[in-house]
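Note that the structure is a prediction, hence the values are computed from the model and not measured. Starting from 1, each residue takes its place in the sequence as its number.
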Amino acid sequence: MMPFPNRDDVAMEQILRACGHDHDFPGQNRLEVTETETDAAGQTVNVNRTACRKCGMVRITRWQAPEPGTGGSFCAVTVHERPEPGDVPGITERALHVTEQELAEFVAARGFPGGVPAGFAPDRRTTAAEEHLDLAIRVRAGQFVLLDRTRSLGDILPVPAYAESAGPIDAVPGAALFWPPVRDGDLPLAVTISPTPPEPVRTYDRIVELSCRFQTGYAVLRELAGRELPLPPLPAGHGDYRLRFHTKPSGCLLQLWNQPRTKPKDLLCPPPDDPG
């Protein structure tokens with residue numbers, strides 16, 4: 001099912017539409033290898049992946065190096081790929097200026113004529129203050145879960161094949177599974193919920209982050225043993241949030257803030273010889 005749209009979705013479409021086909025790709029006339037792939041025949045394929053500086057649209061060109069003695073000619077194939085919302089330049093600022101009318105029209109056009117449901121958390125991204133919680137969560141089997149209130153443990157356990165992962169986090173829309181460095185027992189867990197990106201805390205052993213979309217903007221921490229710990233309403237209501245998980249055996253820190261979806265990131269890895 002299509003996720004319920006929010007202001008970030010409206011802002012992305014506005015930016016893409018304003019750019020149209022007049023993209024600003026750096027190095028328009030250069031074809032440099034940014035990565036390589038292997039095709040079905042085992043041959044190396046050169047890839048150039050370049051993002052438009054105005055809207056983030058990605059131009060992907062693939063080609064194989066010419067065979068020796070062929071005169072240097074080759075065939076290149078180019079396609080365009082929509083960017084991740086978090087990779088669209090200026091999306092956060094544009095979202096702040098999306099009007100109620102623009103949001104209502106966009107929501108209706110996507111098949112939700114009733115508007116934003118009354119049970120969703122309000123969008124408070126311009127007024128919300130950063131909130132801090134110091135919790136003790138009971139870890140079982142090395143896991144605990146963050147859920148939108150419409151979701152259940154069965155949505156993330158067992159972890160679906162389509163889940164996105166970043167080290168000790170697995171996530172699907174509305175549900176994230178955390179793997180702290182504690183197998184069983186009480187874990188000190190600090191939680192920061194913010195309308196703007198907080199700084200990572202570099203005193204932890206491991207720091208990773210990924211995106212997760214929350215359908216209602218209301219979330220709970222859930223222990224496998226059954227206890228639920230409700231969190232304050234998320235600052236931008238329903239939509240995409242970034243989860244940054246800091247871990248060490250003595251305790252963990254979870255930072256959440258509203259940010260359009262983008263790729264997972266590993267900010268601080270354990271040493272290569274660390275079996276964890």
Counterpart residues, side-chain contact (heavy atoms from CB on, under 4.5 Å), relative to [X] (two or more places apart):
X: Arg53; value: Asp24, Pro26
X: Ser250; value: Lys248
X: Thr99; value: Gln101, Glu102
X: Asp39; value: Ala41, Gln43, Val45, Gln64

Taking the side chain as everything from C-beta on, heavy atoms only, tell me whether [X] gets closer than 4.5 Å to [Y].
X: Val172; Y: Arg151; value: yes
X: Leu146; Y: Cys212; value: no
X: Leu229; Y: Val220; value: no
X: Pro168; Y: Phe245; value: yes
X: Leu135; Y: Val191; value: yes
X: Ser152; Y: Leu147; value: no
X: Arg138; Y: Leu187; value: no
X: Leu157; Y: Gln143; value: yes

Subject >> Pairs meeting criterion ring-ring contact (aromatic ring centres under 6.0 Å, His included) with involvement of residues 120-143, two or more places apart >> reply: Phe4-Phe120, Phe120-His238
In the single-linkage hydrophobic clustering (I, L, V, M, F, W, Y; side-chain heavy atoms under 4.5 Å), do [X] and [Y] co-cluster?
X: Val139; Y: Leu189; result: yes
X: Leu243; Y: Leu133; result: yes
X: Ile137; Y: Val182; result: yes
X: Tyr241; Y: Ile207; result: no
X: Val208; Y: Leu256; result: yes

[X]: partners by salt bridge (charged side-chain N to carboxylate O under 4.0 Å, His left out), with sequence neighbours left out:
X: Asp148; result: none
X: Glu105; result: none
X: Glu131; result: none
X: Asp134; result: none

Side-chain ion pair, [X] and [Y], N-O less than 4.0 Å:
X: Glu81; Y: Arg59; result: no
X: Arg62; Y: Glu35; result: no
X: Glu100; Y: Arg7; result: yes
X: Arg213; Y: Asp8; result: no
X: Glu13; Y: Arg17; result: no

Nearest heavy atoms of [X] and [Y], plus distance in Å:
X: Glu130; Y: Pro198; value: OE2-CB, 4.2 Å
X: Glu84; Y: Thr262; value: CB-CA, 4.0 Å
X: Ala219; Y: Leu234; value: CB-CD1, 4.5 Å
X: Leu210; Y: Ser165; value: CD2-C, 3.9 Å
X: Ala121; Y: Pro233; value: CB-CB, 4.2 Å
X: Ala171; Y: Ser211; value: CB-O, 4.4 Å

**OP:** Can you label the angle between the His21 ring and the His23 ring as parallel, tilted or perpendicular, going by 30° and 60°?
**Re:** perpendicular
Subject >> side-chain contact (heavy atoms from CB on, under 4.5 Å) between Phe106 and Asp9, worked out >> reply: CA-CA 9 Å; Phe106 189 89; Asp9 301 312; 3.9 Å; yes
**OP:** Enumerate the residue pairs fulfilling side-chain hydrogen bond (donor to acceptor under 3.5 Å, both in side chains) with a member in residues 177-186, sequence neighbours excluded, ordered by first and then second residue.
**Re:**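 Passing the test, one end in residues 177-186: Asp170-Trp179.
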Approximate separation, where rounding is to 0.5 Å, of [X] [atom1] and [Y] [atom2]:
X: Glu93; Y: Ile15; atom1: CD; atom2: CD1; result: 8.5 Å
X: Gln259; Y: Ile91; atom1: CD; atom2: CD1; result: 10.0 Å
X: Asp155; Y: Thr150; atom1: CG; atom2: OG1; result: 8.0 Å
X: Leu231; Y: Leu221; atom1: CG; atom2: CG; result: 4.5 Å
X: Met12; Y: Arg94; atom1: CE; atom2: CZ; result: 13.0 Å
X: Leu103; Y: Asn6; atom1: CG; atom2: CG; result: 7.5 Å

**OP:** Please say whether the positively charged group of Arg206, taken as NZ for Lys or CZ for Arg, lies over the ring of Tyr204, i.e. under 6.0 angstrom from the six-membered ring centre and within 45 degrees of the axis.
**Re:** no
Is there a donor-acceptor pair under 3.5 Å between the side chain of [X] and the backbone N or O of [Y]?
X: Arg242; Y: Pro260; answer: no
X: Glu209; Y: Gln255; answer: no
X: His80; Y: Met57; answer: no
X: Thr216; Y: Tyr218; answer: yes
X: Lys54; Y: Phe25; answer: no

Original post:
What residues join Leu96 in its hydrophobic cluster, counting side-chain heavy atom gaps under 4.5 Å, either direct or through other members?
Top reply: none
**OP:** Go through the steps for Asn48 and Thr34 under the test side-chain hydrogen bond (donor to acceptor under 3.5 Å, both in side chains), then give the verdict.
**Re:** CA-CA 5 Å; Asn48 176 273; Thr34 59; 4.8 Å; no
**OP:** For Val88 and Arg82, run side-chain contact (heavy atoms from CB on, under 4.5 Å): C-alpha distance rounded to whole Å, both residues' side-chain angles, the deciding distance at 0.1 Å, then the answer.
**Re:** CA-CA 9 Å; Val88 175; Arg82 285 171 65 91; over 6 Å; no
Subject >> Any residue meeting ring pair (Phe, Tyr, Trp, His ring centres under 6.0 Å) with His97, in chain and number order, not counting sequence neighbours >> reply: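 Applying ring pair (Phe, Tyr, Trp, His ring centres under 6.0 Å) to His97 gives none.
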Original post:
Would you say the side-chain atoms of Asn46 and Thr44 include a donor-acceptor pair closer than 3.5 Å?
Top reply: no
**OP:** Apply side-chain contact (heavy atoms from CB on, under 4.5 Å) to the pair Ile60 and Val47, showing each step before the final yes or no.
**Re:** CA-CA 7 Å; Ile60 305 170; Val47 181; 4.0 Å; yes
